[in-house]
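Only one structure is covered here, and it is reproduced in the block below.
Per chain, numbering begins at 1; letters A, B, ... match sequence-line order. Just so you know, these numbers use all the heavy atoms, side chains as well, and skip hydrogens, waters and symmetry mates.
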Number of protein chains: 2
Amino acid sequence: MPSVREIAESVNVSIGSVSRVLNNQPHVSPELRAKVLKAVNELRDDSAMGSPGVTTSIAFAYRGQSFLSPYDAALLHGIAEGLAPTEHDLMVVNTARGRGLGGSLGQTLIRRGVAGVVFRAATKDHGLFSELATERFPTVVIAERIESEHIGCVHFDAELAIAQALSHLVQQGHRKIAIALNAIDDYDHAQRFAAYQHFLAKHDLPTDDRWIIRSPGWDSNGGSALRKLMALPDRPTAIFMTDPGLGSGLCIEALRMGVRIPQDLSVIGFDDSEGRYDTFPRLSSVCQHVGLLGETALQHLLDVIARRSAPREIKLECSFEPLDSTAAPFSDL
Amino acid sequence: MPSVREIAESVNVSIGSVSRVLNNQPHVSPELRAKVLKAVNELRDDSAMGSPGVTTSIAFAYRGQSFLSPYDAALLHGIAEGLAPTEHDLMVVNTARGRGLGGSLGQTLIRRGVAGVVFRAATKDHGLFSELATERFPTVVIAERIESEHIGCVHFDAELAIAQALSHLVQQGHRKIAIALNAIDDYDHAQRFAAYQHFLAKHDLPTDDRWIIRSPGWDSNGGSALRKLMALPDRPTAIFMTDPGLGSGLCIEALRMGVRIPQDLSVIGFDDSEGRYDTFPRLSSVCQHVGLLGETALQHLLDVIARRSAPREIKLECSFEPLDSTAAPFSDL
DNA sequence: TTGAAAGCGGTACCAA
DNA sequence: TTGGTACCGCTTTCAA
């Protein structure tokens, strides 16, 4: 952390004004505030990196109550892994909660000794992001594309792997392919739906609004998706579950209903880690390694903090792994 | 945080000595160190609680790499829930990592502005606990019984629920009951095994060393437990899986092998949250709500910090929920 | 709203 | 190892 004198000198104000900004006190002009905060973030790591053994924290920020789905757990695990060899602590911050007496998120984090933040974007947090960007607070956003040159982002690109998965179905003879979507319409899920629509359009496959099943992404809703599907008059022969929970829920419900996978229905799942081996049958899945996502985001953040790299967009590729849940459609035999 | 002068006065030493202790510098006698640290912890909340809006952190401590199994995730979720209405942050600390230049865990946490710690006991951390106890650092240990009067602990008592579960099997006609154990021999798992042995002895049921199957608690090992069991010459008609992962792994493997549950084998599972509804068949389970465990531990810690309560042992009860995986043994029909 | 300076708290050095 | 003291940095007050 640079001293108030250093900061004061670099922006040509008095140390008192710097102190006021840092402590989020009133009677400071917005311009001066922005100037000071930007200077703080530009100065602090130059000095911090010089002296070894300086321990600060890295924050994992999320918004709302979405904390600790299996997705978040895998993410945190990756971050904790990456943090292990460093001297940093991990601070978990819910940005939805009131942050003391207001003030920007960056200010709050600076005061708590946080060197940088990995932000798990859930809904649209772009207001927060642009604030962090103008303050130059080291920030890496997960699972969202960010345009700012001052903010890094790491996300998976599922387009190619989804095309492979759907091709796999088409090669086996499927033409009517349904999709189950998590009702949470974040960047990832929007991308998955777009990739599905794009593929269908490109290969002249039939579409039907009833084949698009939206539900909250919990396990049990995979079951309700299956029931909705089976009740359709001219039902699809395959379904793409765009969320891990939906896929495993569907497998359970299929066993209860006596629907045989893949004989009666082919299923493509989505896997965040290794869950595809723990269903029956093992779901042919579009796979993204969320732990790696967390670790990659953390490494990039550490690079940004140490100025080894400028904030940038990092794209990780999903992969398709065919397992036991896909076969030729029954009706074609 | 009390000032060095306050602390110095309360223990009758110079402010210099207090500073040395707090910064973990050499040339301090162990007695003085202990005295000062104890005084710090006794003073800090008296003052801190007086002034509202003071934000400090709560630490979640774990040891080694066991971080973020589904168990940990549920725990953290409970803690984050309980923290939401407060002004505290959550800091995640791996105690296995080198803590700066040494010094006690309590010292390190004090310096980082941590008000108290929820400790997830994995292996025997009693050295750390007694250190925290002599320093009077507010500590609540999860899933372990601690004897110290200065440390709180919250754990589940599974004895009764396990007896109910096994009685349920006996009433259905089972006598040969196997058990699958997580190789991690922590307090919880030791208790589960003891409860099983105790029940068998009390009801004059047969025992056999080969019916005790130990394996690391990951899903796939539930499958290997099943294969070991089915290979036995005079095999048990029921098995008690003492770990959630083992139970779900067994269900999957049973489907692959064509072993029908409960017709060919009755199974009692163990559930940390709601996983019992996401297997096929739904496992009759001994249930503990791990999220509640985390929330309870946090509430107790907040009480201890605010001196609303002395550190104590809190025991939560497990429950038994019969579902679809238990029936009369096949061989008896 | 901002700058100057006093006040307060913590560290580091030196003597015992 | 411990206490005394000088020093240094941040905050707060006061005047402009």
- Go through DNA chain C in 5' to 3' direction and return only the first and the last nucleotide with some atom under 4.0 Å of chain B's heavy atoms.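 For DNA chain C, the relevant span reads C/dG9 to C/dC13.
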
- Establish, from distance only, whether the side-chain atoms of A/Q288 and A/D272 form a donor-acceptor pair under 3.5 Å.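 Yes.
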
Would you give the length of the straight line joining atom [atom1] of [X] to atom [atom2] of [Y], rounded to the nearest 0.5 angstrom?
X: B/Y71; Y: B/L293; atom1: OH; atom2: CG; answer: 5.0 Å
X: B/R33; Y: B/E31; atom1: CZ; atom2: CD; answer: 11.0 Å
X: A/H27; Y: A/L32; atom1: NE2; atom2: CG; answer: 14.0 Å

- Message: For B/S148 versus B/H150, what's the shortest heavy-atom pair and its separation?
- Response: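 That would be OG-N, 2.9 Å.
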
- Message: Looking at every heavy atom in both B/L301 and B/G116, which two are closest together, and how far apart are they?
- Response: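 Between these two residues, the closest heavy atoms are CD2-C, 3.6 Å.
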
- Query: Considering the options B/I146, B/I151, B/L105, B/I142, which one meets the side chain to side chain contact (heavy atoms under 4.5 Å, CB included) requirement together with B/F119?
  - Reply: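 It is B/L105; the other options fail the test.
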
- Considering residues, nucleotides and ligands other than A/L316, do more than 12 of their heavy atoms fall under 6.0 Å from its CG?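 Correct, the count exceeds 12.
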
- If you count the non-hydrogen atoms of other residues, nucleotides and ligands that lie under 6.0 Å from CD in B/E9, is the total more than 12?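 No, the 6.0 Å shell around CD holds no more than 12 heavy atoms from other groups.
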
- Quick tally for nucleotides 10-16 of chain D: nucleotides whose base has a protein heavy atom under 4.0 Å get B, sugar-phosphate-only ones S, the rest -, giving BBBB---

- Task: Give the intermediate values and the outcome of salt bridge (Lys or Arg N to Asp or Glu O under 4.0 Å) for residues A/E135 and A/K38.
- Result: CA-CA 5 Å; A/E135 290 174 13; A/K38 191 175 147 194; over 6 Å; no

- Query: Got a sec? Which of residues 30-39 of chain B come in under 4.0 Å of DNA chain C, heavy atoms?
  - Reply: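 Close to the strand, none.
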
